[in-house]
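See below for the structure under consideration.
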Amino acid sequence: MVEIEGVIDSIVYTNESNGYTVARLKKGREIITVVGYVPVINEGQSVRIKGAWVNHPEYGQQLKIDFFEEVLPTDISAIEKYLASGLINGIGPATAKRMVDYFKEDTLDVIEYNPIRLTEVEGIGEKKAKLIAESFSEQRELKNVMVFLQTYGISGANAIKIYKKYGQNAINAIKENPYRLTVDVFGIGFKTADRIAQNMGIERASKYRLMAGIKFVLAEYSGSGGHTYLPSDVLIDKCGELLNVDKDLIEDSLVSLALNKEVVLEVMDDVTGVYLMPFYYSETGVSKRILEMAAFKTEKLDVDMQKEIEEYEDKTGIELHPQQKEAIKCAIENGVAIITGGPGTGKTTIIKCIINIMEKYEVSISLAAPTGRAAKRMTEATKREAKTIHRLLEMGYSEGEDNMTFLKDDSDPLKVGAVIIDEASMVDILLMNNLLKALVPGTRLIIVGDVDQLPSVGPGNVLRDLIESSYIPVVKLTEIFRQSEESLIVLNAHRINRGEYPYLNEKEKDFFFLSTPNQEDTVKLILDLVKNRIPGFKDGIDPQKYIQVLTPMRKGVCGVNNLNIRLQEILNPKSPDKDEKKIRDCILRSGDKVMQIKNNYNIKWDRIAGYGDDEGKGVFNGDLGYIEYIDNENNNISVIFDDERRVIYEAINFEELELAYAVTIHKSQGSEFPVIVMPAVWGPPMLMTRNLLYTGITRAKEMVVIAGSRKVLAGMVDNNRITKRFSGLKHRMEKLIDSGIFAAR
Ligand SMILES: Nc1ncnc2c1ncn2[C@@H]1O[C@H](COP(=O)(O)OP(=O)(O)OP(=O)(O)O)[C@@H](O)[C@H]1O
């Protein structure tokens, strides 16, 4: 083993996700190549490395890093490089130079022991001096934690998150139970925690490990599969594969988890379902509360429906269809009503008529939708304020916690006569439970949505289960009113939903299919469409805002990841006046279109335009925005969402952003775009369903362009597999109804 001290001269390669790095180290006049897993590495950093020499067949002699430690630099140029590296907030290259010119070798001591003196440097005020000092001392603490973590192969980005979560206590917390990381730190999955645990010598059959593994599998399947529970045999099989231990041991741990009240086991129709607690409570809560509301004898409004509807027809010039009249009546007369229908069947028209009547009879109404965009559309259509459900429930959070809480709940419910929820297919079981907690029987709940859309991103099959439980009054709208001569999008959406092939490429229409021989050509065509052909067709549009590429998959040539890299190259290429930041495997650049990929209830925003509060908290999974600027000096990224809200991301949240020139159809739910461009190329049959195609094309308002293989497109229409979600809501509701506690309807 050799030990070398030197300064990192340049970084050749670094893999953000695991910290694997190739760098050049300067030791005196000598330059050495060093390779290995290191937590945080920056050019200009002074380091001590222990390792062994290896001979690479192509690159020659390299030092393989076994131990890596930062030491504070002592010579002036190294100090300057270190300060300019972006590691310390408040200092960029220019400030670093001024500081070192002024304080010379004493610079670091001044920062550490006498930071007020920093104000002697031009451009540094008291506030900035404080920021620099705090950031510097955080770096010192962080260093100790990192040295510990690197021994277990934890990357720099993750190490910072761990430090932010546990502070100085990080080392003890992890030593005690490394599996807690999977719960506490976003981005650290069971596999990373397991690797750390194995390195620490924790046994494969350790109960901590098995219990964490079971919870991980349950969380994975509720996260990516949308299940609220897993049947125990499915769960045990999956855990067996993951954990590589006897099934008996897994069953033992499952029982321990149940005894600890970390999971619930429940027999439903001969299957034992295993629930994580939040999903269990939500499902039982939703089933009970919604039945209570539906069974409640709502105060009858003395409405002459015939007369009111006629008045509305006269006012709007629309002659309502009998189905639509039935839906309006159903909403006025019942505690809970569901109205479902595809695009153009008049859902919005019905909402407007219901509002009209209720306002006339002085029933107070709240309007809400599950996403900001859907709420905005509802506001525009009804000319009344519609909120996100989160905002309606007055979402808050406890400091330091990642969990949201709602101020409106059973102790302080919403005091309104009626609540109308639009885009209800996107409401998952957790949100539905929170909504119902804040409502009391007697408030009318009107649930509007398209049950044929993909179900919510979050767990549950809420809208479908509520409809199928056959207790809550449902009106299904099947008649299409948007003129078919105008739009093939609506017509084709309904055709696809019925299993019929879409009409393609009709002159003067809005639904196009372009055939390509292979996936690479599909990508090239998509790039050409987005960059040249569609903007050429529609004068003066901003392709970034106007066109959205949607794709079924994440991976592969036509997957989100590759499409984003290629689209970024042509829509927002590298340029000297655009700042950049490398996040995971991709580069984010000023001007990029980005998406938030997890719910963050804590992050602050400021309103820069539009209607509503001046500031607030929360950016949600699927929200789309643009990078306004990247500030490398202060290490933050400013993103504008919906042209209205500005959010400043600090380093700890960078990984919540992803490029969004292309997004998956799943993530696009609830959003609408003027033009949709979509590849139709081979993908797993589980994924390539009619439901997915339907959801994708119904996102478009003006034009759909599909590129790829006709056979694949036809295959999607034929593939009527509705991905099964394990959800017990319908079962629970049926059980409650059968028990007779709710009045027969
Ligand atoms: N009974 C009717 N007769 C004539 N036109 C109607 C009728 N009902 C609705 N429309 C018109 O059809 C179009 C679509 O209606 P609306 O926007 O209410 O449907 P929607 O189900 O909300 O559609 P989407 O989900 O696509 O927004 C509108 O232009 C509306 O004015």
Side-chain angles (χ1 to χ4, degrees), residues 305-306 308-331 337-357 367-384 386 420-427 446-456 463 467 474-498 502 510-511 548 550 665 668-676 691 693-704:
M305 288 301 294
Q306 176 93 14
E308 294 302 336
I309 286 177
E310 275 170 18
E311 262 185 46
Y312 184 77
E313 289 179 327
D314 286 346
K315 199 164 91 181
T316 56
I318 293 175
E319 192 187 329
L320 293 170
H321 185 272
Q323 277 179 351
Q324 295 178 316
K325 291 182 189 170
E326 191 196 333
I328 296 162
K329 195 160 168 276
C330 178
I338 299 177
I339 301 167
T340 176
T345 51
K347 297 184 294 298
T348 312
T349 309
I350 290 168
I351 291 177
K352 286 197 275 192
C353 182
I354 295 169
I355 295 175
N356 212 272
I357 297 175
L367 306 179
T371 65
R373 273 171 179 255
K376 201 170 160 197
R377 277 209 314 277
M378 203 180 182
T379 303
E380 284 159 8
T382 59
K383 313 244 170 356
R384 312 276 190 293
I420 306 180
I421 302 293
D422 199 4
E423 294 282 2
S425 61
M426 298 179 65
V427 179
I446 300 150
I447 300 171
V448 184
D450 178 0
V451 72
D452 292 316
Q453 297 286 329
L454 289 171
S456 54
L463 184 60
I467 292 174
V474 179
V475 178
K476 290 189 178 154
L477 306 168
T478 49
E479 204 71 29
I480 314 166
F481 295 99
R482 208 179 284 151
Q483 294 296 309
S484 57
E485 305 87 72
E486 273 171 33
S487 167
L488 274 183
I489 301 174
V490 174
L491 191 70
N492 279 339
H494 288 269
R495 286 184 66 81
I496 290 168
N497 208 15
R498 291 195 297 265
D510 52 8
F511 203 103
Q548 181 64 49
L550 297 183
I665 298 175
S668 74
Q669 284 177 75
S671 295
E672 283 182 350
F673 308 92
V675 178
I676 290 299
N691 210 211
L693 177 63
Y694 175 77
T695 301
I697 66 162
T698 51
R699 302 305 92 217
K701 280 283 135 195
E702 295 177 19
M703 192 196 291
V704 170

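Note that ligands are numbered from 1 as they come in the structure, with each ligand's atoms numbered from 1 the same way.
- There is a side-chain donor-acceptor pair under 3.5 Å between S487 and D510.
- Around ligand 1 you find I318, E319, L320, H321, Q324, G342, P343, G344, T345, G346, K347, T348, T349, F481, R482, K701, each with a heavy-atom distance below 4.0 Å.
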*Starting from the C-alpha separation in whole Å, work towards a yes-or-no answer on side chain to side chain contact (heavy atoms under 4.5 Å, CB included) for I354 and I339.*
CA-CA 12 Å; I354 295 169; I339 301 167; 4.1 Å; yes

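- Side-chain atoms of E479 and L477, non-hydrogen and from C-beta on, never get closer than 4.5 Å to each other.
- Smallest separation of non-hydrogen atoms from F511 and N492: CG-ND2, 3.2 Å.
- Pairing each heavy atom of L454 with each of Q669, the nearest pair is O-OE1, 3.0 Å.
- For residues 315-327, every residue pair satisfying the side chain to side chain donor-acceptor pair (under 3.5 Å) rule, not counting sequence neighbours, is listed here: K315-N356, Q323-T478.
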